[in-house]
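In what follows, residues are counted from 1 in the order of the sequence shown. Every number for a ligand or one of its atoms is a count from 1 in the order of the listing. Worth knowing before you read on, the calculation uses all heavy atoms, side chains too, and leaves out hydrogens, waters and symmetry mates.
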Amino acid sequence: MPIVMDDLFSAARVPEKLGPGALFLPGGAAALQEKLMTQVEAVLAQAPLRQLMTPGGRRFSVRMTNCGALGWHSDAAGYRYESCDPLSGKAWPPMPEEWITFAQECAAQAGFETFCPQACLINCYAPGARMGLHQDSDEDAPESPIVSVSLGVAAQFLFGGTSRTKRVRKVSLLSGDVVVWGGASRFNYHGVAPLGVDMHPLTGAYRWNLTFRRVTAEDSP
Ligand code: MD6
Ligand code: FE
């Protein structure tokens, strides 16, 4: 078997600790990808993607929706979780049971044994869409990790530290990759570089990201 350049330069696709409480699971959702995308389509039929506004009046380049008991929302009033979709006034679509089980299995691999997600934020990236460096701090459950699943076109995930000025590391996220984020890394800055022009058999030109979140303390209903 000849060695090609890709083999020499690509990172090993094995689980890797990105920091205390932060675990990269390459291919962690590989076997579930098709099923997840089908279930995403079902969520979209009830809660379509929308381009939210930041509190400062800028439009997110990423389109978003949610499923679960709570959904993340942003407008002039601020970032927050809502129990009903502000577009329809109806409850967010339920989170599929398999998603909850899967997110729990991923969290357990990173040492978070009691994780029970209440919200799944669904992000859709078109070519050029990006997510600036931010902290996920709209949840009141600092003990709970976030479980993040990537589907479709590959992206560069930017993983910084607890302050904006810390070194930012780039991690290539391919379809089916999972990142678990908690403990001492729970509030690390992170973002996604502008999505390139590419094609993936499952999603065409798009990248999807599912983030599973606990919003209220783990011992609350
Ligand atoms: C994304 N992800 O991958 C954006 N947040 O599209 C996030 O903002 C994120 O992947 C917290 C933990 C993991 C993440
Ligand atoms: Fe985030």
Under the ring pair (Phe, Tyr, Trp, His ring centres under 6.0 Å) test against Phe157, which residue among Tyr125, Tyr189, Trp181, Phe24 passes? Trp181
Arg213 pairs by salt bridge (charged side-chain N to carboxylate O under 4.0 Å, His left out) with which of Asp138, Asp136, Asp140? Asp136
Qualifying residue for side chain to side chain contact (heavy atoms under 4.5 Å, CB included) with Ser144, from Phe212, Phe112, Phe115: Phe115
Salt bridge (Lys or Arg N to Asp or Glu O under 4.0 Å) filter on Glu218, not counting sequence neighbours, yields Arg214
Angular separation of His190 NE2 and His134 NE2 about the Fe ion (ligand 2), given to 10°: 90°
Quickly, which of His73, Arg50, Gln46 forms a side-chain hydrogen bond (donor to acceptor under 3.5 Å, both in side chains) with Asp85? Name it, please. Arg50
Give every pair made of an N or O atom of ligand 1 and a protein N or O atom lying under 3.5 Å apart, one pair per line with both atom names and the distance to 0.1 Å, or write 'none'.
| residue | atom | partner | partner atom | Å |
| --- | --- | --- | --- | --- |
| ligand 1 | 3 (O) | Arg207 | NH1 | 3.4 |
| ligand 1 | 3 (O) | Arg207 | NH2 | 3.0 |
| ligand 1 | 3 (O) | Asn209 | ND2 | 3.3 |
| ligand 1 | 5 (N) | Asp136 | OD2 | 2.8 |
| ligand 1 | 5 (N) | His190 | NE2 | 2.7 |
| ligand 1 | 6 (O) | Tyr125 | OH | 2.5 |
| ligand 1 | 6 (O) | Arg207 | NH1 | 2.7 |
| ligand 1 | 6 (O) | Asn209 | OD1 | 3.4 |
| ligand 1 | 8 (O) | His134 | NE2 | 3.1 |
| ligand 1 | 8 (O) | His190 | NE2 | 3.2 |
| ligand 1 | 10 (O) | Ser148 | OG | 2.8 |

Test ring pair (Phe, Tyr, Trp, His ring centres under 6.0 Å) applied to Trp92 - qualifying residues, sequence neighbours left out: none
If you consider just the N/O/S atoms, which atom of Asp136 is the closest one to the Fe ion (ligand 2)? OD1
Mind checking what makes ring pair (Phe, Tyr, Trp, His ring centres under 6.0 Å) contact with Phe187, not counting sequence neighbours? none
